[in-house]
Colleague: 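Let me give you the structure first, and then I'll get to my questions.
Note that these values count all heavy atoms, side chains included, but never hydrogens, waters or copies made by symmetry. The sequence lines fix the lettering, A, B, ..., with proteins before strands; numbering per chain opens at 1.
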There are 2 protein chains.
Amino acid sequence: MSTPGRGLHGQVLDTLGPEITAGEYPPGSVLRTDELAQRFDVSRSVMREAVRVLESMHLVESRRRVGVTVRPRSEWNVYDPQVIRWRLAGADRPHQLRSLTVLRSAVEPVAAGLAARNATAEQCKELTECALGMVAHSRGHQLEGYLFHDIAFHRVILNASGNEMFARLGDVVAEVLTGRTQHDVMFEDPDPAAVTLHVKLAEAVRERDAARAEELTREIAVGALQELDILAP
Amino acid sequence: MSTPGRGLHGQVLDTLGPEITAGEYPPGSVLRTDELAQRFDVSRSVMREAVRVLESMHLVESRRRVGVTVRPRSEWNVYDPQVIRWRLAGADRPHQLRSLTVLRSAVEPVAAGLAARNATAEQCKELTECALGMVAHSRGHQLEGYLFHDIAFHRVILNASGNEMFARLGDVVAEVLTGRTQHDVMFEDPDPAAVTLHVKLAEAVRERDAARAEELTREIAVGALQELDILAP
DNA sequence: GGGAACAAAAAGTCAGACTTATTTGTCACA
DNA sequence: TGTGACAAATAAGTCTGACTTTTTGTTCCC
């Protein structure tokens with residue numbers, strides 16, 4: 001997934017990024033470029049490039065005569081897919097999954113409503129195929145196949161919304177769904193009710209029923225929130 | 001605003017970033033590090049750091065023997081505050097404002113509902129103060145003062161939601177509100193109805209009425225969408 | 001025509017010297 | 001005692017040049 005080992009600086013980031021996002025260096029900690037370069041056995045130029053990337057993610061701040069200081073979590077670019085991946089791979093994975101699921105619950109219903117208005121015929125077809133795929137893999141421990149179609153389904157919805165901000169959350173949703181299947185919940189087959197809701201949603205989009213599409217997605221979201229014990233009483 | 005001129009590579013980005021996000025180099029265009037370094041009159045090391053940052057934003061991809069190729073817009077990290085700022089400063093500013101306003105309309109109602117549950121006493125107080133500030137500056141062309149309190153208001157809501165993903169949209173909302181005041185709409189005093197809604201929203205949060213807070217925010221969002229002629233029939 | 005060897009191109013890497021901003025400490029002076 | 005200016009130390013920032021590596025495109029031979 002993504003782009004592994006695109007150069008030495010990338011390899012450095014693969015270990016330094018997760019360390020920082022895991023909170024291994026508390027906010028305010030100071031790193032020295034030279035020391036880091038030694039530790040990773042790379043030249044200063046390579047290390048500097050890595051630091052620049054971390055800086056652009058607002059994970060650290062580099063200042064003369066001071067060093068590279070770790071920023072407080074509240075300033076991190078938490079929408080950066082790379083940061084999301086690092087955090088999902090670390091200790092606060094549960095916390096991250098919750099945050100993202102709440103975000104999904106806000107965004108996806110609106111996106112579905114827009115999709116019902118804007119989806120092309122091609123997208124409607126894809127949506128139906130995805131839903132059928134989910135049905136086909138909903139029984140008998142075919143979790144990988146189910147996941148695949150689930151991700152594709154939500155990606156089509158987000159893309160069909162016609163809003164680029166929504167569309168770019170496709171990767172985030174994919175990470176959340178993958179994470180959910182791989183680790184936390186879902187030991188057994190997916191909830192049949194959820195499968196039905198997806199089928200109905202595909203239908204609603206096909207029939208241009210925006211209000212119904214939005215409402216159905218809200219129900220799907222409630223299910224996802226409940227799975228993580230995020231109550232909305 | 002933000003952090004201007006943090007080193008030579010930053011200055012390069014200040015002009016190269018906007019150029020790319022403005023679509024000046026169409027997707028697939030190839031840039032050469034050496035040429036860029038010459039053009040900006042900086043060393044290759046500095047230029048490389050700049051390219052690394054653009055790469056981490058998924059604006060470009062750097063490959064050996066090929067050069068630095070511009071990626072299609074659909075792959076850009078459009079949630080990166082820097083990218084947002086660049087795009088807002090460029091030609092597709094209207095398009096960007098629409099996308100972001102739709103995003104707001106999805107996120108803020110849910111955030112407000114959560115804020116009604118999770119806001120601290122301190123946050124409730126701040127919210128009320130902001131609302132009062134908006135009222136106080138709502139007449140007589142005090143747009144700057146109104147804007148200031150409007151931004152603060154929405155920032156408090158997003159922070160009080162307790163969800164870090166929502167909280168980090170504070171900057172985005174600030175950019176949108178600022179952009180709206182500075183350029184496009186709002187020649188005259190703000191809509192009195194909007195001001196009233198904000199006051200009521202502060203009240204709803206104070207009274208822990210999540211459903212009402214959510215609904216009021218939805219009404220505010222509808223107003224924002226209408227201002228940009230984004231109809232939701 | 002297809003495949004292997006070769007050449008060219010551009011990014012990637014490294015090492016070292018030098019510059020500059022910022023902090024911190026010191027010392028003199030009020 | 002406090003305050004200001006000045007000096008030293010420090011770590012990032014910058015530049016240069018040489019070298020390596022990967023990828024692409026070409027050419028040549030079968």
Colleague: Go through B:H149 and B:H154 one step at a time and tell me if the side chain to side chain donor-acceptor pair (under 3.5 Å) criterion holds.
Modeller: CA-CA 9 Å; B:H149 290 96; B:H154 289 273; over 6 Å; no
Colleague: Atom CD of B:Q11 to atom C1' of C:dT20: distance rounded to whole Å?
Modeller: 14 Å
Colleague: Taking the basic N atoms (NZ, or NE/NH1/NH2) and the acidic carboxylate oxygens, is any pair closer than 4.0 Å for A:R39 and A:E19?
Modeller: yes
Colleague: For DNA chain D, which residues of residues 29-39 of chain A approach it to below 4.0 angstrom with any heavy atom?
Modeller: A:L31, A:R32, A:T33
Colleague: Starting the side chain at C-beta, find the nucleotide from D:dT22, C:dC14, C:dG12 nearest to A:L8.
Modeller: C:dC14
Colleague: Check every atom of C:dA11, C:dC14, D:dT14 against the side chain of A:R48 and return the nucleotide holding the closest atom.
Modeller: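 For A:R48, the side-chain atoms sit closest to D:dT14.
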Colleague: Is there a donor on the side chain of A:R63 or the base of D:dA11 sitting less than 3.5 Å from an acceptor on the other?
Modeller: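 Answer no: no donor N or O sits under 3.5 Å from an acceptor.
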Colleague: Any side-chain N or O of A:R64 under 4.0 Å from OP1/OP2 of C:dT23?
Modeller: no
Colleague: Applying the side chain to side chain contact (heavy atoms under 4.5 Å, CB included) test to B:V172, which of B:V107, B:L158, B:L100 qualifies?
Modeller: B:L100
Colleague: Would you say B:S45 places a side-chain N or O within less than 4.0 Å of OP1 or OP2 belonging to D:dG13?
Modeller: no
Colleague: Under 3.5 Å, is there an N or O donor on one side and an acceptor on the other linking the side chain of A:R44 and the base of C:dT13?
Modeller: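 Not at all, since no donor on one side and acceptor on the other fall under 3.5 Å apart.
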Colleague: Measure CE/A:M47 against C1'/D:dG13 and give the value in whole Å, please.
Modeller: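 Distance check: A:M47 CE to D:dG13 C1' gives 15 Å.
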Colleague: Within this structure, what is the CZ-to-P distance between B:R6 and D:dA11, rounded to whole angstrom?
Modeller: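 Interatomic distance, CZ of B:R6 to P of D:dA11: 24 Å.
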Colleague: Pick the nucleotide of DNA chain C nearest each of A:E49 and A:R65; which residue has the one closer to the 5' end?
Modeller: A:E49
Colleague: Side chains of B:S56 and A:S56: donor-acceptor distance under 3.5 Å anywhere?
Modeller: yes
Colleague: Is A:N77 reaching over with its side chain to a backbone N or O of A:Y79, donor-acceptor style, under 3.5 angstrom?
Modeller: no
Colleague: Does D:dG13 have OP1 or OP2 sitting under 4.0 Å from an N or O in the side chain of A:R52?
Modeller: yes
Colleague: Ion pair present between B:R6 and B:D14, side-chain N to carboxylate O less than 4.0 angstrom?
Modeller: yes
Colleague: Can A:E49 and A:R52 be counted as an ion pair, charged N to O under 4.0 angstrom?
Modeller: no
